[in-house]
Amino acid sequence: MTDNVVPLFKDPLNTPDTIPAAAPSPDASETKRSVRVWRRTGRGLRAAVTSERSRTAARLVARHGMYVIGGTRITAKRTWDGRTASRYERMIRAAEAGGNFEEAKEWEDRLQRFRAGRHHRRMDLLRSAPDLAKSAAYGTGLAVGALLLLGIVLAIANKDITWVIGPISAVIEAIRWIVVVATVVWGPALTVGPWLALLALWGVGRRQQTAPQWTMPAQQRDDAGAPITPSIVVTALRDLGIAPLRNAIKEMGDVGAAMLGPIRIAGCGVEVDVTLPSGVSTAEVQGRRRKLAENLARHEHEVFITLPTAARTVRLWIADSGALDQPIGPSPLETDEAMTANYKTGKAPWGQDLRGDSALISLYQRMLLITGLSNQGKTAALRALALWLALDKTVEFRIADLKGVGDWAMFDGLATTLIQGPTDEHVIDATEMVEGMVAEMERRIQAPPGTPFPPLVGIVDEAQVAFMCPAVGKDKRPYGGSKATSRYFMAVRKIHNQGRAVDVILWEGTQDPTDQNLPKLVREGAHTRVSLALGTESQARMALGDKAVDGGAAPHLLRQGLDKGTVVVASDGITIPAGQASITVRTHYIDTDAAALIADRAKTLRTGVTTRSTVTTVEQLDPLADIATVIGDSPRILTQEVLQKLAALNPGEYREWTFPDLKEVLEAAGAAPYKSDGRMTVSRNKVAAALASRTENDPESRAE
């Protein structure tokens with residue numbers, strides 16, 4: 001087959017079986033070459049436009065162009081402010097926006113004086129035109145006369161009459177030269193002048209940084225940890241994303257500086273009060289803590305927002321960058337071997353507040369609750385308080401460590417009771433320890449008025465183990481839980497209700513507070529509430545209460561693992577700045593070895609202390625049997641009468657019982673109260689049957 005031909009078909013008549021192929025079109029070849037050139041050019045242009053060098057050049061041009069535009073705007077605004085009353089009007093609007101009507105009135109008076117002065121100046125200018133013309137004519141005549149007089153004197157001295165007009169000729173010649181010089185300089189001045197003005201505007205814009213952020217160089221200066229100045233604080237507030245705040249700052253003539261109080265050095269940071277303009281709530285600023293911290297070039301944990309007594313005011317405490325990651329030094333309990341304690345009048349040196357001042361806390365007649373996530377320093381913080389109080393030899397300790405890893409082992413020989421372990425048996429011992437404190441409390445209450453008693457402090461560490469314990473006693477009452485039948489829960493409630501009056505105090509430490517492992521009544525019974533780092537705001541509210549969290553307390557914003565030992569305290573036993581509901585304290589860390597040395601010093605103050613690891617079982621309460629006792633031979637009795645007789649039978653146990661408590665016990669035993677003649681009644685037969693059934697189902701009872 002020849003070149004440039006293609007087969008077509010076979011013909012039986014032997015006609016040619018090929019036809020010439022179509023020759024390539026010159027226009028098509030040109031089109032293909034054009035497409036290839038266009039593609040290569042497009043790729044080149046795309047690469048040039050998207051290259052880092054091109055983008056840098058574009059940012060450079062845009063940045064310096066915006067400097068000129070911004071400088072022009074600023075200069076025009078300054079000129080307009082200087083020539084008009086807009087500055088005064090802006091200050092009036094800013095004062096009204098901030099709610100400062102006295103200041104607004106003062107600026108309005110200044111505005112009136114400015115307008116009056118401007119009117120007088122304009123009227124004086126109109127009246128001064130004729131006077132100016134007369135003054136000019138008079139001055140010119142005097143000058144010509146003086147020059148002629150000088151010429152006459154020179155003519156007489158030189159004996160030449162031409163000297164008479166010599167001074168006038170000299171003045172005319174000087175004027176001519178001035179005109180010549182001005183003519184020569186005028187052209188270049190017209191050429192250079194606009195460029196000098198442009199350069200001046202560029203300089204104004206550059207100083208004020210009027211270019212947008214995207215035009216700035218890619219590598220910005222790291223300003224983390226920069227000193228806090230008023231302009232930095234105002235800029236950070238302006239950029240929070242709160243429209244009323246941003247608009248109010250923009251309207252203020254001093255660009256928001258009037259909102260700020262003095263910036264004071266406060267420990268390892270600074271403190272400043274910010275008075276918010278009208279229409280901006282303190283809650284809005286508190287809700288943007290992270291953004292505010294980032295605007296201040298700080299981490300979130302380095303900025304604290306609290307509410308002082310003044311209305312519409314937030315207090316910002318801004319730490320020096322990295323300062324909160326530095327240790328605060330040893331406890332005075334370690335460095336001062338001569339230190340002693342006084343339960344009633346003394347205060348424990350617990351750590352330092354954020355201002356760097358010593359944080360001293362009173363423990364006198366205050367129930368204490370400390371909570372936080374695991375491994376955040378809860379036990380160490382609680383133990384530090386107990387070690388200080390142990391230096392008062394009058395204080396008796398009863399301790400239950402339901403973690404049982406030896407954190408409280410140094411109190412062996414110091415505490416009268418020391419239970420260590422996480423099992424149900426240890427919870428039973430801890431419950432009986434607290435019930436023993438209840439019995440001691442009731443004994444003290446029944447003593448003659450004025451009888452002195454030594455302080456009795458019970459400590460239950462990892463109390464959530466007790467609340468979650470599933471063990472049930474012989475009387476069918478659970479040890480854990482939060483019902484009226486729960487032995488541990490009811491014992492804690494009783495101490496919270498009456499123990500303070502006779503110096504029977506209970507401290508509890510617990511993890512990860514919830515309604516299940518830390519009931520509401522127990523939380524609210526603590527006078528001193530302390531929290532380390534927590535996971536959520538709801539947990540923070542459980543730990544410290546709504547008032548403290550609404551006032552700025554934020555243990556859920558502490559860094560887990562990094563802020564170990566940092567606690568948020570809500571208590572009247574520690575000095576809290578006026579207007580605040582809580583204070584943040586960085587506690588001293590006392591390790592186990594140092595704690596043992598301090599405990600040894602405390603032991604030397606005492607003699608004959610025997611520590612028990614188990615508790616002598618106190619007589620167990622049997623509500624169902626007591627109910628049967630008060631019913632007596634009556635076939636049925638009103639529930640209200642049952643409650644009254646129970647309170648008379650055992651005031652310490654049943655004085656605070658209510659109908660729900662009684663109903664819960666009876667329903668659990670299968671002897672629920674019922675209505676008779678419209679009133680709730682308890683049946684003697686049902687109670688007796690429940691007691692008989694319990695005895696039959698309890699092998700130990702049958703054996704006895």
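In this text the structure is predicted, and so the values were computed from the model without any measurement.
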Exercise. Would you check if M542 and K520 make a side-chain contact, meaning some heavy-atom pair closer than 4.5 Å?
Key: no

Quiz item: Which side chain to side chain donor-acceptor pair (under 3.5 Å) pairs, counting each pair once, include a residue from residues 456-467, with sequence neighbours left out?
Solution: K378-E462, T379-D461, W408-D461, E462-Q464, E462-Q511, Q464-T510

Self-check item: Non-neighbouring partners of A628 that pass side-chain contact (heavy atoms from CB on, under 4.5 Å), sequence neighbours left out
Solution: V687, L691

Quiz item: About how many Å separate CD1 of I459 and CG of D401, when rounded to the nearest 0.5 Å?
Solution: 10.0 Å

Practice problem: Could you tell me which non-hydrogen atom of F489 sits nearest to which non-hydrogen atom of K483, and how far apart they are? | Solution: CD2-O, 3.3 Å

Quiz prompt | Residues R487 and E435 bridged, charged N to O under 4.0 Å | solution = yes

Quiz item: Which residues pass the salt bridge (charged side-chain N to carboxylate O under 4.0 Å, His left out) test with R541, sequence neighbours left out?
Solution: E537, D546, D550

Quiz item: Of all residues at least two apart in sequence or in a different chain, which pass the side-chain contact (heavy atoms from CB on, under 4.5 Å) check with A595?
Solution: R383, L387, M410, I590

Quiz prompt | Side-chain touch T575/L360, heavy atoms, less than 4.5 angstrom | solution = no

Quiz prompt | Distance (rounded to the nearest 0.5 Å) between D353 CG and T584 OG1 | solution = 9.0 Å

Practice problem: Could you pull out the closest heavy-atom pair between A415 and T611, with the gap in Å? | Solution: O-OG1, 2.5 Å

Quiz item: How would you list, by chain and number, every residue that makes a salt bridge (charged side-chain N to carboxylate O under 4.0 Å, His left out) with R315, sequence neighbours excluded?
Solution: D273

Quiz item: Of the options T587, V567, N375, which is the one that meets L532 in a side chain to side chain contact (heavy atoms under 4.5 Å, CB included)?
Solution: V567

Quiz item: Which pair of non-hydrogen atoms, one from H556 and one from A540, has the smallest distance, and what is that distance?
Solution: ND1-CB, 3.5 Å

Quiz prompt | Any residue meeting salt bridge (charged side-chain N to carboxylate O under 4.0 Å, His left out) with R559, in chain and number order, not counting sequence neighbours | solution = D325, D563

Self-check item: side-chain hydrogen bond (donor to acceptor under 3.5 Å, both in side chains) partners for T536, two or more places apart
Solution: S538

Quiz item: Should we say atom NZ of K603 is surrounded by more than 12 heavy atoms from elsewhere, each under 6.0 Å from it?
Solution: yes

Quiz prompt | Selection residues 628-642 - residue pairs positive for side chain to side chain donor-acceptor pair (under 3.5 Å), sequence neighbours left out | solution = E641-K645

Self-check item: Heavy-atom closest pair, residues A341 and W388
Solution: CB-O, 3.0 Å

Exercise. For residues E667 and A672, report the shortest heavy-atom separation together with the two atoms involved.
Key: CG-CB, 3.6 Å

Quiz item: If you round to the nearest 0.5 Å, how far is CG of L369 from OG of S571?
Solution: 11.5 Å

Quiz prompt | Non-hydrogen side-chain atoms of L385 and W507 separated by less than 4.5 Å | solution = yes

Quiz item: D424 and C469: which non-hydrogen atoms are nearest, and at how many Å?
Solution: OD1-SG, 3.5 Å

Quiz item: With a 4.5 Å heavy-atom cut-off, do Q365 and D503 have their side chains touching?
Solution: yes

Practice problem: Sequence neighbours left out, what pairs pass side chain to side chain donor-acceptor pair (under 3.5 Å) with at least one residue falling in residues 672-685? | Solution: none

Practice problem: Quick one: list whatever passes side-chain hydrogen bond (donor to acceptor under 3.5 Å, both in side chains) with T658, sequence neighbours left out. | Solution: D661

Practice problem: Answer with yes or no whether the side chains of Q539 and D512 bring together a donor and an acceptor at under 3.5 Å. | Solution: yes

Practice problem: State the CG-CD1 distance between L363 and I505, to the nearest 0.5 angstrom. | Solution: 9.5 Å

Practice problem: Quick one: pull up CG in D357 and CD in Q352 and give me the separation to the nearest 0.5 Å. | Solution: 8.0 Å

Practice problem: Output all residues satisfying side-chain hydrogen bond (donor to acceptor under 3.5 Å, both in side chains) with T416, sequence neighbours left out; order by chain, then residue number. | Solution: E396

Exercise. Nearest 0.5 Å please: distance from the OG atom of S331 over to the CG atom of D591.
Key: 11.0 Å

Self-check item: Under the ring-ring contact (aromatic ring centres under 6.0 Å, His included) test, residues paired with F453 that sit two or more places apart
Solution: none

